[in-house]
Amino acid sequence: MNSTLPDAFGVYVHWPFCLSKCPYCDFNSHVRHAPVDQDRFARAFAREIETVAARVPGREVTSIFLGGGTPSLMQPQTVGAVLDAIGKHWRVALDVEITLEANPTSVEATRFRGYRSAGVNRVSLGVQALDDASLKVLGRLHSAREALDAVGIARTVFDRASFDLIYARPDQTPQMWAAELKQAISEAAEHLSLYQLTVEPDTPFFSLHATGKLKTPDEATARALYDVTQEVCALHGLPAYEISNHARPGAECKHNLVYWRGQEYAGIGPGAHGRLDIDGIRHAVAMEKRPETWLMRVEASGHGIITDDPLNSEECADEFLLMGLRLAEGIDPERYAALSGRALDPRRISVLRQQGAIVVDADGRLRVTKAGFPVLDAVVADLAA
């Protein structure tokens with residue numbers, strides 16, 4: 001892959017509301033028992049888009065991602081209003097990728113055609129598991145059958161579809177996971193996001209795990225499950241292009257590549273994060289997390305920005321390394337040197353190569369190997385030191 005990447009600019013829009021909170025989730029998501037005033041939120045999104053666009057004018061948007069929370073709780077006209085606001089304040093590429101995250105329930109699937117009409121051309125479905133017992137443990141509100149029906153509808157409505165599964169679930173064996181994965185791929189998936197279950201602090205799963213009521217696979221089984229993930233996906237034409245993401249060649253998520261390649265993106269909505277280049281300096285921008293507080297801030301001052309930190313060269317370089325080495329394509333060490341003002345230590349590279357954790361391609365790109373990915377954090381820490 002060419003080390004000179006095309007200019008990309010992504011817009012991430014965060015819809016913070018869910019019908020219920022999943023017990024493993026530590027994302028910025030909120031349950032509201034009264035109906036959400038979607039018109040008011042749509043106006044606030046448009047206002048914040050206008051303010052952010054004024055800071056980084058003249059960009060061409062190559063991808064838009066509506067994440068959450070549960071964006072499929074938005075009315076299609078809310079989605080349309082957000083997309084119209086983006087198109088009003090930035091140029092939008094003709095081949096823009098517009099993804100919406102959706103729950104695979106029959107109720108939300110009825111909105112798919114409305115989203116397509118609003119401009120969404122890719123959907124990412126939070127399936128999480130293909131058996132009902134696991135879905136119940138994970139606190140999901142859909143059945144496996146309902147999820148597969150929603151996947152089928154999504155395939156007919158959208159140009160592109162992806163879905164998520166969580167593995168290393170309680171009592172899961174490598175054989176069970178291999179069978180589930182083959183079933184997932186047979187559903188004509190072109191893209192799968194496959195996440196190992198992690199027990200995060202401040203979630204219900206954390207306290208259940210601490211008291212022994214939730215047993216997750218031991219380290220050896222978790223590693224075997226990871227290996228099965230790589231083998232089955234590669235065998236069926238969906239190799240990993242990022243540590244947790246698998247796609248048929250050409251079906252990679254353009255928006256997520258913006259993050260991993262260290263490119264520029266705007267974050268819009270409660271708790272959204274962005275990386276903006278202003279006067280040659282990269283800024284790490286974050287919005288107020290609490291939805292109603294964010295709403296009042298935007299209505300009062302045009303934005304919900306609570307942090308806006310210029311990053312120094314070392315911070316930019318570390319972020320580039322941390323994100324870029326997650327990709328199968330790896331990084332261009334020359335870009336690291338340009339960002340940080342110093343080259344990666346050739347001795348550290350040499351040691352990691354001897355250990356089989358990284359390779360350096362003929363064109364100079366540095367990539368983490370199959371053996372290096374399970375210990376990626378250690379590899380990144382070693383190179384960044």
Side-chain angles (χ1 to χ4, degrees), residues 1-5 166-168 172-174 177-178 181 192-200 216-247 249 252-253 256-257 259-263 311-385:
M1 201 164 283
N2 195 332
S3 62
T4 55
L5 295 169
I166 292 173
Y167 68 96
Q172 191 178 36
T173 66
W177 174 227
L181 208 40
L192 288 173
S193 298
L194 306 169
Y195 301 108
Q196 201 156 344
L197 179 64
T198 50
V199 178
E200 303 289 355
T216 51
D218 60 31
E219 206 171 308
T221 309
R223 177 60 200 271
L225 289 162
Y226 170 82
D227 290 341
V228 162
T229 308
Q230 307 313 306
E231 287 156 21
V232 171
C233 288
L235 196 63
H236 291 82
L238 274 81
Y241 70 98
E242 188 269 347
I243 198 162
S244 301
N245 285 271
H246 300 253
E252 299 86 357
C253 175
N256 285 341
L257 285 172
Y259 302 149
W260 296 320
R261 287 172 171 168
Q263 293 169 317
L311 300 179
N312 63 34
S313 56
E314 195 171 324
E315 289 166 328
C316 288
D318 285 350
E319 222 170 66
F320 169 69
L321 200 62
L322 182 69
M323 300 301 272
L325 288 177
R326 296 176 64 91
L327 288 168
E329 71 183 25
I331 61 155
D332 177 1
E334 287 182 14
R335 187 169 165 212
Y336 176 87
L339 287 169
S340 71
R342 65 181 176 92
L344 289 166
D345 186 338
R347 289 166 304 178
R348 289 180 188 278
I349 291 173
S350 178
V351 170
L352 287 167
R353 284 176 81 171
Q354 285 164 5
Q355 291 170 349
I358 62 170
V359 291
V360 179
D361 292 343
D363 64 355
R365 289 189 77 81
L366 191 150
R367 292 187 296 110
V368 175
T369 62
K370 198 172 158 185
F373 269 122
V375 290
L376 179 64
D377 290 350
V379 174
V380 171
D382 209 3
L383 285 169

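For the numbers below, each heavy atom of this structure counts, side chains included, while hydrogens, waters and symmetry mates do not.
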Please name the pair of heavy atoms, one in [X] and one in [Y], separated by the smallest distance, quoted to 0.1 Å.
| X | Y | result |
| --- | --- | --- |
| A240 | Q230 | CB-OE1, 3.5 Å |
| V232 | A178 | CG2-CB, 4.2 Å |
| Y226 | P374 | CE2-CG, 3.6 Å |
| P333 | L344 | CB-CD1, 4.3 Å |
| A222 | Q196 | CB-NE2, 3.0 Å |
| R326 | S244 | NH2-OG, 4.3 Å |

Query - side chain to side chain contact (heavy atoms under 4.5 Å, CB included) assessment of F320 paired with R261 - result: CA-CA 7 Å; F320 169 69; R261 287 172 171 168; over 6 Å; no
Under 3.5 Å: donor-acceptor pair, side chain of [X], backbone of [Y]:
| X | Y | value |
| --- | --- | --- |
| E315 | N312 | yes |
| S340 | S313 | no |
| R367 | D361 | no |
| T229 | L225 | yes |

Check whether any side-chain heavy atom of [X] lies under 4.5 Å from a side-chain heavy atom of [Y], and answer yes or no.
| X | Y | value |
| --- | --- | --- |
| Y241 | P249 | no |
| W260 | L325 | no |
| Y195 | N245 | yes |

Going from [atom1] on [X] to [atom2] on [Y], what distance comes out if it is rounded to the nearest 0.5 angstrom?
| X | Y | atom1 | atom2 | result |
| --- | --- | --- | --- | --- |
| L376 | I243 | CG | CD1 | 4.5 Å |
| C316 | L321 | SG | CG | 13.0 Å |
| R335 | L366 | CZ | CG | 14.5 Å |
| D318 | Y336 | CG | OH | 5.5 Å |
| E242 | L194 | CD | CG | 10.5 Å |
| L257 | M323 | CG | CE | 11.0 Å |

**Report entry** side chain to side chain contact (heavy atoms under 4.5 Å, CB included) evaluation trace for L352 with V368
**Finding:** CA-CA 9 Å; L352 287 167; V368 175; over 6 Å; no
Report task. Give the intermediate values and the outcome of side chain to side chain contact (heavy atoms under 4.5 Å, CB included) for residues S193 and N256. Result -> CA-CA 11 Å; S193 298; N256 285 341; 5.6 Å; no
**Report entry** Heavy atoms of other groups near E314 CD, more than 12 under 6.0 Å
**Finding:**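 No.
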Query raised in the report: With respect to E329, which candidate in L327, I331, D332 satisfies the side-chain contact (heavy atoms from CB on, under 4.5 Å) definition?
Result: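 The single option meeting the side-chain contact (heavy atoms from CB on, under 4.5 Å) with E329 is L327.
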Requested in this report: Using a strict cut-off of less than 4.0 Å between a Lys/Arg side-chain nitrogen and an Asp/Glu carboxylate oxygen, indicate whether R347 and D345 qualify as a salt bridge.
Outcome: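 Salt bridge present between R347 and D345.
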